[in-house]
Asker: 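Please find one structure pasted underneath; my questions will follow.
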Amino acid sequence: MDRRNFLKTTIGALAASQIASPTWAQGKPLKLGFLIPKSGPAGIFGPSSETTTTMAIEEINASGGILGRQVEALFGDAGGAPSDTVQAAQRLWRRDGVEALIGQHDSASREAVAAMLRGQLTYVYTPVNEGGYCHTNTYSLGETPDQQLAPVIPYLAKEHGLKKWYLIGNDYVWPRGTNAAAKTYIAETGGEIVGEEYHPFTVDNFDTSLTRIRESGADAVLITLVGGASVTFNRAFASFGLDKQAIRLGTLIEENTLAGIGEANSNRMYSTAGYFDALDTPAALAFRKTYYDRFGADAPVLNTLGEGCYEGAMALRAMFEAAGSTETDAVAAAANGVSYTGPRGTTTLSEGFAASDIYLATAKGAVFEIVQRFEKVAPGNACTNG
């Protein structure tokens, strides 16, 4: 073959490969980046987040993948400072070529990641959050204070005659935002705030705080401490005998945290969330059976944070398929009103957030027992994501 014919043949082949590029793209794995805490105070949430993510990807691939493409999950550690989570997100995006990010980490890291992305990549944020924010092409699946506290505080106030609330949390945007909302709900019940304090993630002694709680006469304590800090606080709370003085309500006391607190230290403790391992709806029971069949009886315990990672993958599949594309602008145009099915049942995205059934559970030793359900509670926040 002479040089002219070689060039013609090569150019023709290149043109044919470009025409066939959609088919080629379908054969290329669709990479999704998962930012989960594998270290730090929230590291106790990491193992269950990873196993539920693995299960979601296996289920998606077994059913044909997303847009005809098999899905590959890549993980980044989101257990450190927000700057570290941003670096992990950048590596997943720029180096590894993920086409969307799912974040299961604290709100401070969410703000940093969203600022770095500037709406250039679809970003699904799965855990409990403070609400009241709006970032382009960011979608929040987790519970807001309007969902966790607006129905729960009046219920508990009536059940226990609560009047004096003490607020304690870690020092960042989620606890402060949650408590700002809680003050309104408490005031509406005729209650008052008798103390409020925030601690760094490094705190390992709460003796002074517990003395203040005792002296305040609080009959309820709202806890927005994370992971290890919550374990330390609640164990000490019981050792001070404060469980006889006040009930405890946590918005991030899930099954791993409860196991760390221990059955001897969980008296009169409540938790509010959209999912618990004890949930006995058909969807939750099917999810639970599949999970423990897949990973065994000794698998990391199911909880709202791990379940959120599973939902994050399912939500992305629904958004991509509604858009017919993984392109960020196409997803943004199609996402509002998209529904997907998960362990919480059918969830519909509306202006960047999701309505959810909310459950109030009480600790019975080292396990939760659900005592009340509040149906399809609105998130109380709107975001155009445009």
Asker: Here's a test for you: under side-chain hydrogen bond (donor to acceptor under 3.5 Å, both in side chains), which of Gln147, Arg344, Glu375 qualifies with Ser356?
Answerer: Arg344
Asker: Going by distance alone, is a donor N or O of one side chain under 3.5 Å from an acceptor N or O of the other, for Glu263 and Ser266?
Answerer: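 No, Ser266 and Glu263 have no side-chain donor paired with an acceptor closer than 3.5 Å.
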Asker: Using a strict cut-off of less than 4.0 Å between a Lys/Arg side-chain nitrogen and an Asp/Glu carboxylate oxygen, indicate whether Arg288 and Asp277 qualify as a salt bridge.
Answerer: yes
Asker: Consider only side-chain N and O atoms of Thr328 and Asn137, and report whether a donor and an acceptor are under 3.5 Å apart.
Answerer: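 No, no side-chain donor-acceptor contact under 3.5 Å.
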Asker: Can you check whether His199 and Phe206 have ring centres sitting under 6.0 Å from each other?
Answerer: yes
Asker: Enumerate the residue pairs fulfilling ring pair (Phe, Tyr, Trp, His ring centres under 6.0 Å) with a member in residues 38-95, sequence neighbours excluded, ordered by first and then second residue.
Answerer: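 Counting only pairs at least two positions apart or across chains, the ring pair (Phe, Tyr, Trp, His ring centres under 6.0 Å) contacts touching residues 38-95 are Phe34-Phe75.
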Asker: Please state whether the rings of Phe201 and Tyr172 are parallel, tilted or perpendicular, taking 30° and 60° as the class boundaries.
Answerer: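 Taking Tyr172 first and then Phe201, their aromatic rings sit tilted (interplane angle of 30° to 60°).
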Asker: Would a line drawn from the ring center of Phe353 to the ring center of Tyr133 be shorter than 6.0 Å?
Answerer: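 Yes, ring centres under 6.0 Å apart.
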Asker: Applying side-chain hydrogen bond (donor to acceptor under 3.5 Å, both in side chains), name anything that partners Arg214, two or more places apart in sequence or on another chain.
Answerer: none
Asker: Can you classify the ring geometry of His105 versus Tyr125 as parallel (below 30°), tilted (30 to 60°) or perpendicular (above 60°)?
Answerer: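 Because their plane-to-plane angle lies in the 30° to 60° range, the rings of His105 and Tyr125 count as tilted.
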Asker: Leu32 and Tyr310: same hydrophobic cluster, using ILVMFWY side-chain contacts below 4.5 Å?
Answerer: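 Linked within one cluster.
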Asker: Answer yes if Val371 and Leu279 sit in the same cluster of Ile, Leu, Val, Met, Phe, Trp and Tyr residues linked by side chain heavy atoms under 4.5 Å apart, and no otherwise.
Answerer: no
Asker: Would Phe368 and Phe276 count as a close aromatic pair, with their ring centres under 6.0 Å?
Answerer: yes
Asker: Is it true that the side chains of Arg248 and Asn234 contain a donor and an acceptor less than 3.5 Å apart?
Answerer: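 Checked: Arg248/Asn234 side chains pair up, N/O donor to acceptor below 3.5 Å.
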Asker: Rounded to the nearest 0.5 Å, how far apart are CD of Gln104 and CD of Glu307?
Answerer: 11.0 Å
Asker: Mind checking the CG-OH spacing from Asp298 to Tyr292? Nearest 0.5 Å is all I need.
Answerer: 10.0 Å
